[in-house]
Amino acid sequence: MKRRIRLISVIVLLCICGTFLSSCEYIDDLRSERAVYIQEDGETKILIDGEKYVELEGFRVKVDYLGLYNGGYVAEEDVPILLVKLFGDPYDYVYNGSGLIMVKGKFYCNEDNYDYYIGIINKTS
């Protein structure tokens, strides 16, 4: 009898420890794919992993030729993490390392590459 109680106690203890030591992979994935809209200098920017992206007005590329791959969702900062897919806008990365993302048909580039892409826009205009 005592042996059964000890065995059951050990099993329950292992289950409890396993529950507390594991994380929810779904929520971790949502956090890693989340981006936030921010208002700065009177314009809307996007913050992804500490890097700011600025909208490129007038930048047009045929989407058929782009190498888009899934990025995640952009939402306001006060949207809870579990509701980001419902209330957020999907964003896609354009080519690996280009510094471009596409949100709702608009292109955004990271601040470091902004002057480069503005130069391209001015040359093609």
Legend entry - Any donor-acceptor N/O pair, Arg34 side chain to Asp29 backbone, under 3.5 Å: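 No: the side chain of Arg34 does not pair with the backbone of Asp29.
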
Legend entry - Exam field: side chain Asn113 to backbone Tyr116, donor-acceptor pair closer than 3.5 Å: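 Not at all, since once roles are kept as given, no pair shorter than 3.5 Å links the two residues.
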
Legend entry - Single-linkage hydrophobic cluster Val84~Tyr26, side-chain heavy atoms < 4.5 angstrom: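 Yes.
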
Legend entry - Leu82 with Val79, same ILVMFWY side-chain cluster at under 4.5 Å: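 In one cluster: yes.
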
Spatial distance of atom [atom1] ([X]) from atom [atom2] ([Y]) [nearest 0.5 Å]:
| X | Y | atom1 | atom2 | result |
| --- | --- | --- | --- | --- |
| Tyr91 | Leu100 | OH | CG | 14.0 Å |
| Tyr73 | Leu86 | OH | CG | 10.0 Å |
| Tyr93 | Met102 | OH | CE | 14.0 Å |
| Leu56 | Cys109 | CG | SG | 4.0 Å |
| Tyr108 | Glu55 | OH | CD | 4.5 Å |
| Glu25 | Leu30 | CD | CG | 11.0 Å |

Inset, instruction - Mark yes when over 12 heavy atoms from residues, nucleotides or ligands other than Glu57 sit less than 6.0 Å from its CD; otherwise mark no. - result: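 Not more than 12 within 6.0 Å, no.
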
Inset, instruction - Might you confirm whether atom CD of Glu40 has over 12 heavy atoms from other residues, nucleotides or ligands at distances under 6.0 Å? - result: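 Result for CD/Glu40: enclosed.
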
What pairs with [X] under side-chain hydrogen bond (donor to acceptor under 3.5 Å, both in side chains), at least two apart in sequence or on another chain?
| X | result |
| --- | --- |
| Asp89 | Tyr37 |
| Gln39 | Thr44 |
| Glu76 | none |

Inset, instruction - Evaluate the side-chain proximity of Val103 to Tyr53: yes if any heavy-atom separation is below 4.5 Å, no if none is. - result: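 Tyr53 does not reach Val103 side chain to side chain.
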
Inset, instruction - Applying side-chain contact (heavy atoms from CB on, under 4.5 Å) between Ile46 and each of Asn110, Ile38, Val54, Val74, report the one that passes. - result: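 Only one option passes, and that is Val74.
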
Legend entry - Heavy-atom closest pair, residues Gly88 and Ala75: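 Looking at all heavy atoms of both residues, the shortest contact is CA-CB, 3.9 Å.
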
Inset, instruction - Take Ile101 and Val94 through the side chain to side chain contact (heavy atoms under 4.5 Å, CB included) test and state the conclusion after the steps. - result: CA-CA 5 Å; Ile101 61 171; Val94 180; 5.8 Å; no

